[in-house]
Q: 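Can you keep this structure in mind? I'll have questions shortly.
This is a predicted model, so every value here is computed, not measured. One-based numbering, in listed order, for ligands and for the atoms of each. For this chain, numbers begin at 1 and follow the sequence in order.
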Amino acid sequence: MNKKNFYITTPIYYPSAKLHIGHAYCTTIADAIARFKRLAGYDVFFLTGSDEHGQKIQRTAESQGVTPLEYVDKIVEGFQELWQRLNISNNDFIRTSEPRHQKVVQEIFKKIQDKGDIYKGSYTGLYCTPCESYWTEHQLDENGCCPDCHRPVEKVSEEAYFFKLSNYADRILDHIEKNPDFIVPTSRRNEMINFIKQGLEDLCISRTSFDWGIPVPDDEKHVIYVWFDAVINYITPFYDDPDRFQKFWPADIHLVGKEIVRFHSIIWPAMLMAADLPLPKQIYGHGWLITDSGKMSKSVGNVVDPMLLIDEFSADAIRYFLLREITLGQDGNFNRDALITRINSDLANDLGNLLHRTLNMINKFQGGIVNAFDGESEIDKSLKNDAINTATEYKNLMENIQLSDAVKKVWTFISRANKYIDETMPWKLAKDETQKQTLSNTLYNLVESLRIISILISPLMPSTAQKIFEQLNLNDFEKIQIEDALTFGKFPINHKINKPQQLFPRIEVK
Ligand code: ME8
């Protein structure tokens with residue numbers, strides 16, 4: 001049988017500074033989706049990377065007395081270390097300074113140029129260097145500054161190549177209107193429709209004022225505009241490999257922050273149309289992490305370093321918080337107190353206690369052996385129904401990328417299983433010889449619930465899921481599939497479990 005394929009991307013981040021928790025947020029979401037799709041039997045390609053060219057990087061490198069490549073090499077190493085520590089399962093990592101990327105960008109440029117949709121002209125415009133964006137007068141904010149970052153723009157005049165974006169306005173509008181899921185959420189879609197209806201101007205796609213970029217083919221005085229270069233990363237890994245191109249392109253989801261939806265849903269599709277390539281299926285614009293002092297941003301200096309958070313609380317605790325606390329598509333608050341509350345109540349308490357109590361009782365009352373079950377009470381029946389309903393609803397929610405709701409579903413079931421312990425009182429059953437089978441049934445239902453829970457949380461908190469698997473002494477964690485969570489009663493009988501070990505220590509609040 002042919003495997004189903006799935007391709008998801010994150011933005012490729014600028015190595016102009018270390019990454020903050022906002023970047024970790026986007027990459028964690030993409031990772032949870034990628035892992036869920038693998039769990040659901042898809043052949044997944046998950047891509048992230050670094051967007052290394054442009055004037056801003058060149059200036060920063062110069063100010064530090066190093067070459068741009070020396071400068072980015074070091075920062076990008078930090079990106080990769082962060083993704084490793086956060087347990088990100090990307091299949092490839094694109095650096096736009098790599099020759100494999102340069103080659104594809106030049107080929108696409110040439111292809112569009114040969115077709116007549118790239119021409120040479122002269123450009124005078126208002127340029128925001130931090131955002132690498134040109135703006136027209138009417139797009140500036142009320143202070144005449146960049147509408148995205150609100151910093152001053154510079155008037156720049158240069159000979160330049162242009163991409164005939166204006167040629168594609170009608171086709172793109174038509175595509176957006178005919179494909180309601182092309183831009184999600186709807187608020188972003190409406191913004192894009194309004195933006196296009198105001199008219200699209202041709203896009204200046206080359207620069208001569210600096211040289212840290214990919215040269216324009218046959219005109220090396222120009223480097224290609226960093227956004228034209230960057231979006232092409234999404235096809236770089238398989239552009240020269242027709243089988244893989246066929247397999248993974250078009251991408252299923254470009255997950256991006258809401259501020260760059262425009263580049264992904266208008267400019268990138270127009271470039272693809274010009275190059276006669278299919279368009280991505282969906283652009284998902286997620287919201288921002290806000291701190292008490294506003295949107296987290298490198299230049300404002302209110303960033304939270306994810307590496308320090310991982311050191312302090314563990315990768316899975318951070319992943320849990322990001323996935324649970326913020327509804328995808330909306331802005332969300334990042335707050336240390338809220339993080340600690342979640343860790344203590346949901347992880348240490350709800351999940352940790354369920355595992356600990358269950359394994360402890362099996363060790364204490366049955367010598368660590370999970371016995372066969374026989375018969376079921378009304379309470380057992382309701383727990384089993386809840387388990388299956390939870391797994392089924394979780395699957396639907398994850399398929400619809402309602403991650404936070406999916407997490408909440410699982411935790412409702414965890415609370416329910418804890419309550420089952422209180423209702424059935426295994427410590428009482430253990431004192432009564434005639435209740436031996438009921439005790440076995442109860443403990444069976446609990447470990448089986450934990451098996452299902454560990455499968456459901458595996459895309460969200462992969463190392464915690466694996467730890468639970470190990471404590472349950474189950475094998476083949478790597479081979480689990482979502483179907484394994486949809487049937488109650490798969491836990492092996494006469495099976496020896498391990499001693500419980502703490503998953504999340506309680507954080508003392510000073
Ligand atoms: O824009 N909250 O790179 P970038 C949530 N290189 N997400 C945030 C965030 C916040 N406070 N801050 C950043 C670029 N992000 C380009 C992309 S793609 C072809 C080129 C996330 O380093 C969010 O996903 O500025 C946002 O879109 C991305 O980081 C911007 O990263």
Q: Check for me whether Trp268 has a heavy atom closer than 4.0 Å to any atom of ligand 1.
A: no
Q: Just heavy atoms, cut-off under 4.0 Å: does Asp51 contact ligand 1 by side chain, backbone, both, or neither?
A: side chain
Q: Taking 4.0 angstrom as the limit and counting only heavy atoms of Leu289, give me the atoms of ligand 1 inside it, by number and element.
A: 2 (N), 5 (C), 10 (C), 11 (N)
Q: With sequence neighbours excluded, give me every salt bridge (Lys or Arg N to Asp or Glu O under 4.0 Å) pair touching residues 73-91.
A: Asp73-Arg95, Arg85-Asp311
Q: Heavy-atom distances under 4.0 Å decide this one: backbone, side chain, both or neither, for Phe263 against ligand 1?
A: neither
Q: Contact between Gly287 and ligand 1, counting heavy atoms under 4.0 Å?
A: yes
Q: Just one of Phe46, Phe45, Tyr239 clears the ring-ring contact (aromatic ring centres under 6.0 Å, His included) bar with Phe248, so which one?
A: Phe45
Q: Can you name the salt bridge (Lys or Arg N to Asp or Glu O under 4.0 Å) partners of Arg189, sequence neighbours left out?
A: none
Q: Looking at ligand 1, would Lys258 count as a contact under a 4.0 Å heavy-atom criterion?
A: no
Q: Is the backbone of Ile235 close enough, under 3.5 Å, to the side chain of Trp249 for a donor and an acceptor to pair up by distance?
A: no
Q: Of all the atoms in ligand 1, which lie at a distance below 4.0 Å from a heavy atom belonging to His286?
A: 5 (C), 7 (N), 23 (C), 24 (O)
Q: Of the listed options (Thr96, Ile12, Thr9), which comes nearest to atom 16 (C) of ligand 1 when hydrogens are ignored and any heavy atom counts?
A: Ile12
Q: Distance-only, no hydrogens or angles: does the Asp316 side chain make a donor-acceptor pair with backbone N or O of Thr464 under 3.5 Å?
A: yes
